[in-house]
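In the text below, chain A, chain B and the rest are named by the order of the sequence lines, each starting its count at 1. Atom set for the values below is all heavy atoms of this structure, side chains included, hydrogens, waters and symmetry mates excluded.
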Amino acid sequence: MLRTHTCGELRMNHVNSEITLCGWVQRSREMGGLTFIDLRDRYGITQLVFNQDVSPALCSEARKLGREFVVKARGKVAERSNKNPKMPTGDVEILVEELTVLNISKTPPFTIEDNTDGGEELRMKYRYLDLRRQVNKKNLELRHRLSFETRNYLDAQNFIDIETPYLIKSTPEGARDFVVPSRMNPGQFYALPQSPQTFKQLLMVAGFDRYYQIVRCFRDEDLRADRQPEFTQIDCEMSFVTQEDILNTFEGLARHLFRKVLNLETGDFPRMSYTDAMMLYGCDKPDIRFGMTFSDVTLLMKGKGFKVADDAELIAGIRADGCAEYSRKQLDELTDYVKRPQVGATGLLYIRYAADGSIKSSVDKFYTADDLAGILKQCGAAPGDLVMILAGQTEKTQKALCELRLEMGRRLGLMKAGEFKPLWVTDFPLLEWDEETKRFYAKHHPFTSPKPEDIALLDTDPGLVRANAYDLVINGVEIGGGSIRIHNKELQHKMFQVLGFTEEDAQNQFGFLMNAFEYGAPPHGGIAFGFDRWSMIFGGGDSIRDFIAFPKNNSGRDVMIDSPSEIKEEQLKELNIRLANQLK
RNA sequence: GGACUGGUAGUUCAGCUGGUUAGAAUGCCGCCCUGUCACGGCGGAGGUCGCGAGUUCGAGUCUCGUCCAGUCCGCCA
């Protein structure tokens, strides 16, 4: 090693030791005859001192160092006369006796500091410089801890890590596939896996009754702050289990991670049915760090001659405690908020229940004092509270009220950083009706088993069938989800039938799985967690990009290596591909 | 596919109802400074106002188009 210590470890007990450090020049401060240099590596920062009186030659060498020069310094650890309590190494400094420049550096385009002056785009272009910043290093270290502890826990539970292929087969269900041309099979393509779903089920058939993998998945869909085209899952599957076994095993994983990585003890995770989540929070991934649940006031508001209410399928409200004194301006802001196209409400009704007991609403024209009192009671309002109500089509109203609730949560500071409220959401519907194509789609995936008591409904009312499917939600973020799978060939056939697959389609796309199921498939089920999201939640971030070493931007581009990019004509030819714009 | 926000010095931003030589901070360079640690002081360099049209006597500023970035909706079994 070129060094004897790191820049983060020297303390008072090292005073007088001869040491050698290597690192990057964070910053230098020149005081005339004295030069201070902050030397940084992965572990911290240590101050080097050069004294004009002691060694003029060394001092003038030190003055030539620029930011981010890579330097080796040999010298003696000394107690500082002026200590810096803000730094872990702030009690000591290095009296440098020998200085070697290991490499020079151009001035970086932004400052390598926690509060950098660099914008997102620039930092992504120079990601290797961005990653020198403490905040990013911390995030990647956290990610490493999570991955390490996940493996620890699962290994202790007898899970084994088995790799599955990346070059697989494209299927039309679900997300859009990334596709890879096959040179050896002209005109044919592999697809990159959206998840190892079918392979892990085949591993169950093979008898590996506890499998896991921390694995890359690929989906060619539009991106978000919490979505990347390639992302990492903790993918797990178990045989001979009930839903209860899976929830317990992976609640155990979550608790283990909370304990080992964040040093937090979390009690039993609450559970909520999908139906309740929709009724109380208007979405399937509620943030339960705060209440403000929905109250259904449909029956109380209909039939009083107020057209908006009379035409509505659902009228529901939320109660903001102590907000009765919200100004007209604040209420207008909230109205504008819910009317944004992304939220989609047509308007916002409110009832102020003033501290003195008086009631004032935006719909006084249509409702008597008794009517309003009834609504307030339904919402559990006390004097001083504000009730906000949305009306309309059920799904739209739920979604908009859900957004409004979250907005109020933000405004009132109810989503506290550092507080974690995990939740299991269970009993998801098996199928989802699509208006456009006039058919059912699997809400989770086509191998999800229906609840046994609902199987009869597959023939009569498929939309009502509930699945043995579950999601883990933390603070309103969907961290993972899974299901008990179908292991019975007939039921799987039935499922494909309901999904509108012909026998041929099913055979063509999933024949390998159906065939496997004919050779003694064990009952099995599993779950997959979004590892990037989990890192983000634990790290208190709001973008998974900050927890991925080399992420892609909003349009799926890597601005550092500038990909995707065009390929040479010869490459295309070799792959038997002609571009559409060459056909013109 | 759609909505919104932004693009001005290396960087982060300001720049009003269109009007003289486009500013600040920071970074960079030079000089001074022996206990700094966001050191300090003095001086200096640094601009295709994303790009292209248009309106106008005159455009960083207004209009249209376009590109890029970000947030969101659709999408993401």
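- Looking at residues 79-92 of chain A, you'll see A:R80, A:S81, A:N82, A:K83, A:N84, A:K86, A:M87 sit with a heavy atom under 4.0 Å from some atom of RNA chain B.
- Only the C1' atoms considered, B:G10 is 23 Å distant from B:C67, to the nearest whole Å.
- Across all strands, A:E30 comes closer than 4.0 Å to base atoms (heavy-atom distances).
- The aromatic rings of A:F250 and A:F529 are tilted relative to each other, their planes meeting at an angle between 30° and 60°.
- The gap from the C1' atom of B:G46 to that of B:G30 amounts to 15 Å, rounded to the nearest Å.
- Residue A:P446 is in base contact, counting any heavy-atom pair closer than 4.0 Å across all strands shown.
- For A:I94 and B:U36, the CD1 to P distance is 19 Å, given to the nearest whole Å.
- Among residues at least two apart or in separate chains, salt bridge (charged side-chain N to carboxylate O under 4.0 Å, His left out) pairs with a member in residues 88-98 of chain A are A:R74-A:E97, A:R74-A:E98.
- Straight-line distance between the P atoms of B:C76 and B:C13: roughly 35 Å, to the nearest whole Å.
- With C1' as the reference atom, B:G47 and B:U63 are 25 Å apart, rounded to whole Å.
- A salt bridge links A:R557 to A:D562: one of the charged nitrogens lies within less than 4.0 Å of a carboxylate oxygen.
- Of the P atoms belonging to B:A45 and B:C29, the separation is 16 Å, rounded to the nearest Å.
- Across all strands, A:F110 comes closer than 4.0 Å to no nucleic acid atom at all (heavy-atom distances).
- To the nearest angstrom, C1' of B:A3 lies 14 Å from OH of A:Y337.
- A straight line from CG of A:L122 to P of B:U12 spans 6 Å, rounded to a whole angstrom.
- Scored by the ring pair (Phe, Tyr, Trp, His ring centres under 6.0 Å) test, A:Y43 finds no partners at all (sequence neighbours excluded).
- Looking at heavy-atom distances under 4.0 Å, A:E93 makes contact with a base.
- Here the separation of B:A14 from B:U8, taken at their P atoms, is 10 Å to the nearest Å.
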Protein-nucleotides 47-50 of chain B N/O pairs closer than 3.5 Å?
none

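- With a cut-off of 3.5 Å on both Watson-Crick or G-U wobble distances, the partner of B:U36 is given as none.
- Within the structure, salt bridge (charged side-chain N to carboxylate O under 4.0 Å, His left out) pairs that include any residue of residues 478-496 of chain A comprise A:E237-A:R485, A:D459-A:K494, A:K489-A:E518 (at least two apart or interchain).
- Using a 4.0 Å cut-off between charged nitrogen and carboxylate oxygen, A:R29 and A:D38 count as a salt-bridge pair.
- Across all strands shown, B:A53 is found opposite B:U63 as a Watson-Crick or G-U wobble partner, with both distances under 3.5 Å.
- The distance from atom CG of A:L34 to atom C1' of B:C37 is 13 Å, rounded to the nearest whole Å.
- The same atom, P, is picked in B:C51 and in B:C57; the two are 25 Å apart, to the nearest Å.
- Whole-Å rounding puts the A:K106 NZ to B:C29 P distance at 14 Å.
- Ion pairing of A:E230 with A:K552 is present here, as a side-chain N (NZ or NE/NH1/NH2) and a carboxylate O approach within less than 4.0 Å.
- The residue among A:M31 and A:A442 whose nearest nucleotide of RNA chain B is located toward the 5' end is A:M31.
- Using a cut-off of 4.0 Å between Lys/Arg side-chain N and Asp/Glu carboxylate O, A:R127 and A:D130 are scored as salt-bridged.
- Across all strands shown, the partner of B:G6 is B:C68, judged by Watson-Crick or G-U wobble contacts whose two distances both fall under 3.5 Å.
- B:C31 is paired with B:G41 under the criterion used here, namely a Watson-Crick or G-U wobble arrangement in which both key atom distances are under 3.5 Å.
- Taking 4.0 angstrom as the limit, A:R29 places none of its side-chain polar atoms (N or O) nearer than this to OP1 or OP2 of B:U36.
- Residues forming a ring pair (Phe, Tyr, Trp, His ring centres under 6.0 Å) with A:Y470 (at least two apart in sequence, or on another chain): none.
- Atom C1' of B:G1 sits at a distance of 47 Å from the matching atom of B:A38, rounded to the whole Å.
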Worksheet item: Could you run down nucleotides 69-76 of chain B 5' to 3' and tag each one B, S or - for protein heavy-atom contact under 4.0 Å?
Response: SBBBBBBB
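- A heavy-atom distance below 4.5 Å is found between the side chains of A:Q233 and A:F231.
- Taking atom CG on A:L65 and atom C1' on B:C28, their separation rounds to 16 Å, with Å as the unit.
- In this structure B:A24 sits in a base pair with B:U12, meeting the Watson-Crick or G-U test at under 3.5 Å.
- A search for side-chain contact (heavy atoms from CB on, under 4.5 Å) contacts involving A:C7 returns A:L21, A:L39, A:D41, A:T46, not counting sequence neighbours.
- Not counting sequence neighbours, the partners of A:E432 by the side-chain contact (heavy atoms from CB on, under 4.5 Å) test are A:K443.
- With sequence neighbours excluded, the residues that form a ring pair (Phe, Tyr, Trp, His ring centres under 6.0 Å) with A:F428 are A:Y274.
- Here A:F531 and A:F547 keep their ring centres 6.0 angstrom or further from each other.
- A salt bridge is defined here as a Lys NZ or Arg NE, NH1 or NH2 lying under 4.0 Å from an Asp or Glu carboxylate O, and A:E61 with A:K64 fails to meet this definition.
- With rounding to whole Å, A:I37 atom CD1 is found 17 Å from B:G35 atom P.
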Enumerate the protein-to-nucleotides 23-27 of chain B contacts in which both atoms are nitrogen or oxygen and the separation is below 3.5 Å.
residue : atom : partner : partner atom : Å
B:G27   : O3'  : A:R67   : NH1          : 2.8
B:G27   : O2'  : A:R67   : NH1          : 3.2

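- Pairs of residues two or more places apart, or lying in two chains, that qualify as ring-ring contact (aromatic ring centres under 6.0 Å, His included) and include a residue from residues 482-503 of chain A are A:F496-A:F501, A:F496-A:F510.
- The CG atom of A:D130 sits 12 Å away from the P atom of B:U12 (whole-angstrom rounding).
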